[in-house]
Protein chains: 2
Amino acid sequence: MFDGSVIRKLRKEKNLSLKELSSKSSVSIATVSQIERDNTDPAITTLYKLCKGLDVTIAELIGYDDNTDRVVKKRDRKTITLPDSKLKYQLLSSRMKRNLEMVLVELEPHQEDRKLVTHKGEECGYVLQGSLTIILDNEEIHLEEGDSISFNSTIPHRYVNPTDEKSMSVWAMTPPSF
Amino acid sequence: MFDGSVIRKLRKEKNLSLKELSSKSSVSIATVSQIERDNTDPAITTLYKLCKGLDVTIAELIGYDDNTDRVVKKRDRKTITLPDSKLKYQLLSSRMKRNLEMVLVELEPHQEDRKLVTHKGEECGYVLQGSLTIILDNEEIHLEEGDSISFNSTIPHRYVNPTDEKSMSVWAMTPPSF
DNA sequence: TATATTTTTTCACTTTACTAAAATAGGGAA
DNA sequence: TTCCCTATTTTAGTAAAGTGAAAAAATATA
């Protein structure tokens, strides 16, 4: 069951009356009231309309006010192990359901993944330390410290550290792939 | 109107029959079929159920856009100026149309933004250097170097550097807000 | 090709969402 | 305290979602 109280909370935060939200969203006053009090389970289209009136996305609406485990302290980071990868991944974002994920990726000197990976969504990476070579399909892209890159994650890709120094980079992905 | 063909597409990708998805999601075969062909506008709870059967989140279901890649070299970074902010922002992601954005945020000692901001989406931040205090609504969250945080960007927020040292953090946002 | 089985769609019914109008509740002014 | 106005909830009706069973279509097998 969808929690309608989030709608009321957002509405009040934006200082809107039921009448005003009804007008902005083209949903009747009575319906908004019923949804807010969990008297009804809205159709997705009705939710879209309410989101328009509230100026939020559905993902935001569903994830709003979920403040559990926002912070990941350095000492509490989870290390991710992937079956096909020897690289060190540390999750920076919390494990709760979200549309955005952040990880630290560490490669030892001359380390690489042999296997190309592909997954839904897109990602951005920023080189914190050392260098990093990204193989995107058959293209080899070399990044120095401070460089960054964005690409579509469905493009088969893998990481290579061709140097004698450790490489550290931070990556954001939407949707999450871990 | 919600586009039900996404459900069919995902179902076929996962090699599920209507009967199998119906079973995994506890939604009747007939309903799944009707939703897939846009004959009906599902309740949000029904969509939750379908997502469970398809093993995707609502955000994933509702979708995002793919696009092409681009590198931002350190020397080519764009600095972003915001009308209400004195903080230094540098864009790490390309300016191409995307659903994901990454920026470097730099605060001088004792620098802060006085104004709470709110915008659509969600964000993750990782403290690269120094410390950073995030004000989320009325909550004050203190992060040390190496700490990270995820939150919904519609929650009013602002950044504060309460220390004598410079603070550097990297932030990912979806959807982009710059 | 014929038959069997599975998958999907249609049908008719029950249940529930959404609505306009009426009723109730809350707040402010005189 | 009374009155007025606005905000919210309730009511009763219409429209639409969700269902199980039947029908139709698609696929597999001999």
Side-chain angles (χ1 to χ4, degrees), chain A residues 1-66 97 120, chain B residues 1-63 116 118 120 137-138 152 154-156:
Chain A
M1 182 55 154
F2 172 71
D3 175 20
S5 66
V6 170
I7 304 269
R8 178 160 290 192
K9 186 168 185 172
L10 278 167
R11 177 170 69 79
K12 297 245 167 137
E13 277 182 12
K14 293 175 186 269
N15 249 323
L16 298 174
S17 67
L18 278 174
K19 183 178 176 184
E20 283 163 338
L21 179 55
S22 169
S23 175
K24 278 171 172 288
S25 60
S26 305
V27 177
S28 76
I29 295 175
T31 298
V32 180
S33 179
Q34 307 250 39
I35 292 167
E36 287 186 345
R37 292 169 296 122
D38 286 324
N39 286 359
T40 194
D41 176 35
I44 184 71
T45 298
T46 304
L47 261 194
Y48 269 122
K49 288 175 177 174
L50 285 172
C51 286
K52 177 172 175 287
L54 291 166
D55 194 32
V56 295
T57 64
I58 295 231
E60 289 170 319
L61 183 69
I62 288 163
Y64 191 82
D65 209 17
D66 183 2
K97 286 205 173 171
K120 292 196 286 185
Chain B
M1 180 57 155
F2 172 69
D3 175 20
S5 67
V6 172
I7 305 270
R8 178 161 289 192
K9 187 178 175 186
L10 280 167
R11 178 171 66 81
K12 296 249 168 129
E13 276 178 16
K14 293 173 186 273
N15 246 324
L16 298 174
S17 66
L18 277 175
K19 183 179 174 182
E20 283 163 336
L21 179 55
S22 168
S23 176
K24 280 172 171 286
S25 60
S26 306
V27 176
S28 76
I29 295 174
T31 298
V32 180
S33 179
Q34 309 246 47
I35 292 166
E36 287 187 344
R37 291 170 294 123
D38 287 324
N39 286 358
T40 193
D41 176 36
I44 184 69
T45 298
T46 305
L47 260 196
Y48 269 122
K49 288 175 179 174
L50 286 172
C51 286
K52 175 171 176 285
L54 290 167
D55 194 31
V56 295
T57 63
I58 293 229
E60 284 172 324
L61 185 68
I62 289 164
L116 289 162
T118 181
K120 293 203 271 185
D137 248 348
N138 301 308
N152 197 313
T154 54
I155 301 173

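Remember, it's a predicted structure, so these values are computed and weren't measured experimentally. Note on naming: letters A, B, ... go to the chains in the order of the sequence lines (proteins, then strands), and numbering restarts at 1 for each one.
Distance from the side chain of B:Asn39 is smallest to C:dT10 among D:dG18, C:dT10, D:dT8. The side chain of B:Arg37 has C:dT10 as its nearest neighbour among C:dC18, C:dT10, C:dT8. Across D:dA7, D:dG18, C:dT9, the shortest atom-to-atom separation from the side chain of B:Leu18 is found for C:dT9.
Distance A:Glu20 CD to D:dA7 P: 7 Å, rounded to the nearest Å. When the P atom of D:dG18 is taken as reference, atom CD1 of B:Ile7 falls 11 Å away, rounded to whole Å. Atom P of nucleotide D:dT19 and atom CG of B:Leu21 are separated by 12 Å, given to the nearest angstrom. Whole-Å rounding puts the A:Ile35 CD1 to C:dC18 C1' distance at 8 Å. Look at CG on B:Leu47: it is 13 Å from C1' on D:dG18, rounded to the nearest Å. Here the P atom of nucleotide D:dT8 and the CG atom of A:Leu16 are 10 Å apart, to the nearest Å. Summarising the geometry, the separation between NZ on B:Lys19 and P on C:dT9 is reported as 16 Å, rounded to the nearest angstrom. One atom, CD1 of A:Ile44, and another, P of D:dG18, lie 11 Å apart when rounded to the nearest Å.
The number of heavy atoms from other shown groups lying within 6.0 Å of NZ (B:Lys24) does not exceed 12.
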What protein N or O atoms touch nucleotides 12-16 of chain D N or O atoms at under 3.5 angstrom, if any, and at what distances?
none

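Among residues two or more places apart in sequence or in another chain, the side-chain contact (heavy atoms from CB on, under 4.5 Å) test is passed with A:Ser5 by A:Asp3. Taking A:Ser17 as the reference, A:Lys19, A:Glu20 meet the side-chain contact (heavy atoms from CB on, under 4.5 Å) condition, with sequence neighbours excluded. A:Ser25 pairs by the side chain to side chain donor-acceptor pair (under 3.5 Å) definition with nothing, not counting sequence neighbours. Here A:Lys12 pairs with A:Arg8 under the side-chain contact (heavy atoms from CB on, under 4.5 Å) rule; sequence neighbours left out. Partners of A:Thr31 by side chain to side chain donor-acceptor pair (under 3.5 Å), not counting sequence neighbours, listed by chain and number: A:Ser28.
For the pair A:Val27/A:Ser22, no side-chain contact is recorded, criterion being any heavy-atom separation below 4.5 Å from C-beta on. Residues B:Leu21 and B:Ile29 form no side-chain contact, since every pair of their non-hydrogen atoms from C-beta on lies 4.5 Å or further apart. At a threshold of 4.5 Å between non-hydrogen side-chain atoms, the residues A:Arg11 and A:Leu50 do not count as touching. A 4.5 Å side-chain heavy-atom check between A:Leu61 and B:Thr154 finds every atom pair outside the cut-off. The shortest distance between side-chain heavy atoms of B:Val32 and B:Ile35 does not fall below 4.5 Å.
Within the 4.0 Å cut-off from OP1 or OP2 of D:dT8, not a single side-chain nitrogen or oxygen of A:Ser33 is found. Side-chain nitrogen and oxygen atoms of B:Thr46 include none within less than 4.0 Å of the OP1 or OP2 phosphate oxygen of D:dA17. Not one side-chain nitrogen or oxygen of A:Arg8 sits closer than 4.0 Å to the OP1 or OP2 atom of D:dA7.
Near DNA chain D, defined here as any heavy-atom distance below 4.0 Å, the residues from residues 23-32 of chain A are A:Ile29, A:Ala30, listed numerically.
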Per-nucleotide protein contact string for nucleotides 23-28 of chain C, where B marks a base within reach and S marks sugar-phosphate only (heavy atoms under 4.0 Å, - for neither): ------
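The C1' atoms of five pairs define one axis at each end of the helix from C:dT1-D:dA30 to C:dA30-D:dT1, and these two axes lie 30° apart (to 10°).
Residue B:Tyr48 holds its OH atom at 9.5 Å from CG of A:Asp41, rounded to the nearest 0.5 Å. Here the straight-line distance linking atom CD1 of A:Ile7 with atom CG of A:Leu18 works out to 11.0 Å at 0.5 Å rounding.
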Trace of the side chain to side chain contact (heavy atoms under 4.5 Å, CB included) decision for A:Glu13 with B:Thr118: CA-CA 11 Å; A:Glu13 277 182 12; B:Thr118 181; over 6 Å; no
